[in-house]
S.K.: 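The structure follows.
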Amino acid sequence: MVWLGMTATTAWFVFMTWLSHQSGEKTSRASRMLAEDLGELLPSEDPERLNTLLRKTAHVVVFAVLAVLSLLTWQAAGKRPAGYGIWAALLLWCWGDEATKRMVPGRHFSWLDTGLNVLGVLVGGAVCAAW
């Protein structure tokens, strides 16, 4: 079971990092198109507002999933409660994900987005604790 958790966690980490490190033009176009499609379903909503909401919510969601997968894998390995090491690694990546975006055209570091990443890890931790 541990190998399955490690595989899922690694696959999610690679996927979310790949998504996060697309060019600014590519991510802007994708989120704008999704916001416009949602705007058709929710005609009272402003597509630009939806676009901003989608972009910010994505940080929380992808990091919450990473935290859940990481913490469940940690527990499956028999390490209870989750130690400082796993939390430190998750929180360090909240910053590292943003810091490495400087190398991607059209992307930049954002403390607000780093905070949203941290919020995602905390949400994921709360889900695991409630489980």
Side-chain angles (χ1 to χ4, degrees):
M1 190 59 144
V2 173
W3 69 269
L4 182 60
M6 291 176 68
T7 302
T9 303
T10 302
W12 183 259
F13 176 80
V14 169
F15 174 68
M16 68 179 266
T17 303
W18 174 79
L19 281 178
S20 174
H21 288 74
Q22 299 297 304
S23 72
E25 179 184 323
K26 199 178 232 181
T27 61
S28 179
R29 184 176 50 236
S31 66
R32 202 170 297 288
M33 285 174 46
L34 183 56
E36 288 171 3
D37 289 345
L38 284 173
E40 290 177 13
L41 296 172
L42 307 165
S44 64
E45 290 296 325
D46 173 34
E48 194 54 43
R49 187 174 161 282
L50 281 173
N51 182 35
T52 300
L53 182 64
L54 285 170
R55 292 176 74 85
K56 297 307 178 190
T57 303
H59 288 272
V60 178
V61 171
V62 298
F63 274 87
V65 171
L66 178 65
V68 167
L69 290 171
S70 299
L71 294 169
L72 290 179
T73 301
W74 186 267
Q75 289 176 354
K79 303 189 185 313
R80 291 190 186 141
Y84 295 120
I86 190 72
W87 285 103
L90 287 167
L91 294 173
L92 181 61
W93 186 241
C94 290
W95 170 83
D97 180 64
E98 287 297 315
T100 56
K101 286 182 185 175
R102 294 178 185 169
M103 299 176 280
V104 180
R107 300 302 296 267
H108 61 278
F109 177 86
S110 167
W111 279 111
L112 173 62
D113 291 350
T114 301
L116 292 170
N117 297 346
V118 170
L119 177 60
V121 167
L122 296 176
V123 167
V127 166
C128 286
W131 198 324

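Just so you know, these numbers use all the heavy atoms, side chains as well, and skip hydrogens, waters and symmetry mates. Just so it is clear, the model here is predicted, and its values are computed rather than measured. We're numbering straight along the sequence, starting at 1.
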S.K.: Once you measure the plane-to-plane angle for Trp12 and Phe15, does it fall in the parallel (<30°), tilted (30-60°) or perpendicular (>60°) bin?
M.R.: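 Rings of Trp12 and Phe15: tilted, 30 to 60°.
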S.K.: Atom CH2 in Trp93, atom OG1 in Thr17: separation rounded to 0.5 Å?
M.R.: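 Here the interatomic distance stands at 5.0 Å.
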S.K.: Is a side-chain donor or acceptor of Ser28 paired with a backbone partner of Glu25 at a separation under 3.5 angstrom?
M.R.: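 Side chain of Ser28 to backbone of Glu25: no pair is present.
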S.K.: Show me the side-chain donor-acceptor pairs of residues 116-131 shorter than 3.5 Å, one per line, residues at least two apart or across chains.
M.R.:
unit_1, atom_1, unit_2, atom_2, d
Asn117, OD1, His59, ND1, 2.9
Asn117, ND2, Cys94, O, 3.0
Asn117, ND2, Asp113, O, 3.4

S.K.: Please give the remaining members of the hydrophobic cluster of Met6, linking ILVMFWY side chains under 4.5 Å, ordered by chain and number.
M.R.: Val2
S.K.: Check side-chain hydrogen bond (donor to acceptor under 3.5 Å, both in side chains) between Glu36 and all other residues, then give those that pass, not counting sequence neighbours.
M.R.: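 Listed in chain order: nothing, the list is empty.
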S.K.: Drop me the distance from Leu54's CG to Arg49's CZ, to the nearest 0.5 angstrom.
M.R.: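 Between atom CG of Leu54 and atom CZ of Arg49 there are 10.5 Å.
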S.K.: Check the hydrophobic clustering (I, L, V, M, F, W, Y; side-chain heavy atoms under 4.5 Å; chains of links allowed) and say if Leu91 and Leu66 are grouped together.
M.R.: yes
S.K.: Should Val62 and Val60 be counted in the same cluster of Ile, Leu, Val, Met, Phe, Trp and Tyr side chains packed under 4.5 Å apart?
M.R.: no
S.K.: Test Thr73 against Thr9 for side chain to side chain donor-acceptor pair (under 3.5 Å), laying out the working first.
M.R.: CA-CA 8 Å; Thr73 301; Thr9 303; 3.3 Å; yes
S.K.: Measuring only between side-chain heavy atoms, which start at C-beta, is Arg55 closer than 4.5 Å to Asn51?
M.R.: yes
S.K.: Do Leu112 and Phe109 belong to the same hydrophobic cluster, where Ile, Leu, Val, Met, Phe, Trp and Tyr are linked whenever their side-chain heavy atoms lie under 4.5 Å apart, directly or via other members?
M.R.: no
S.K.: Under the rule for side-chain hydrogen bond (donor to acceptor under 3.5 Å, both in side chains), what residues qualify as partners of Thr7, not counting sequence neighbours?
M.R.: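 Thr7 satisfies side-chain hydrogen bond (donor to acceptor under 3.5 Å, both in side chains) with no residue once adjacent residues are dropped.
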S.K.: List, by chain and then residue number, the residues other than Met103 in its hydrophobic cluster (Ile/Leu/Val/Met/Phe/Trp/Tyr, side-chain heavy atoms under 4.5 Å); write none if there are no others.
M.R.: none
S.K.: Is a side-chain N or O of Glu98 found less than 3.5 angstrom from the main chain of Ser110, in a donor-acceptor match?
M.R.: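 Between the backbone of Ser110 and the side chain of Glu98 there is a qualifying donor-acceptor contact (under 3.5 Å).
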S.K.: Go through the steps for Trp95 and Trp111 under the test side-chain contact (heavy atoms from CB on, under 4.5 Å), then give the verdict.
M.R.: CA-CA 8 Å; Trp95 170 83; Trp111 279 111; 3.9 Å; yes
S.K.: For Val104 and Thr100, work out which heavy atoms get closest and say how close.
M.R.: CG2-O, 4.3 Å
S.K.: Sorted by first residue and then second, give each salt bridge (charged side-chain N to carboxylate O under 4.0 Å, His left out) pair with at least one member in residues 15-24; sequence neighbours left out.
M.R.: none
S.K.: Do the non-hydrogen side-chain atoms of Met16 and Leu19 ever get within less than 4.5 Å of each other?
M.R.: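 SC-SC contact between Met16 and Leu19 ruled out.
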S.K.: Give, for atom OG1 of Thr52 and atom CZ of Arg32, the distance between the pair rounded to the nearest 0.5 Å.
M.R.: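 Those atoms lie 8.0 Å apart.
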S.K.: For Lys56, does the NZ atom sit with more than 12 other heavy atoms under 6.0 Å from it, leaving out its own atoms?
M.R.: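 Yes.
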S.K.: Would a line drawn from the ring center of Trp87 to the ring center of Tyr84 be shorter than 6.0 Å?
M.R.: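 So the answer is no for these two rings.
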S.K.: Look up atom CZ in Arg102 and atom NE2 in His108, then write down how far apart they are to the nearest 0.5 Å.
M.R.: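 The CZ atom of Arg102 sits 10.5 Å away from the NE2 atom of His108.
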S.K.: Looking at CG of Leu50 and OG of Ser31, how far apart are the two atoms once the value is rounded to the nearest 0.5 Å?
M.R.: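 Interatomic distance, Leu50 CG to Ser31 OG, rounded to 0.5 Å: 10.5 Å.
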S.K.: With rounding to the nearest 0.5 angstrom, report the CG to CG distance, Leu69 to Leu90.
M.R.: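 Atom-to-atom, Leu69:CG and Leu90:CG are 10.5 Å apart.
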S.K.: Taking the side chain from Arg107 and the backbone from Ser20, do they hold a donor-acceptor pair closer than 3.5 Å?
M.R.: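 Confirmed, Arg107 side chain pairs with Ser20 backbone.
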S.K.: I need the minimum non-hydrogen distance between Gly24 and Thr27, along with the two atoms involved.
M.R.: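 Looking at all heavy atoms of both residues, the shortest contact is O-OG1, 3.2 Å.
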S.K.: Are Leu72 and Phe63 connected in the hydrophobic side-chain network, where two residues link if heavy atoms are under 4.5 Å apart?
M.R.: no
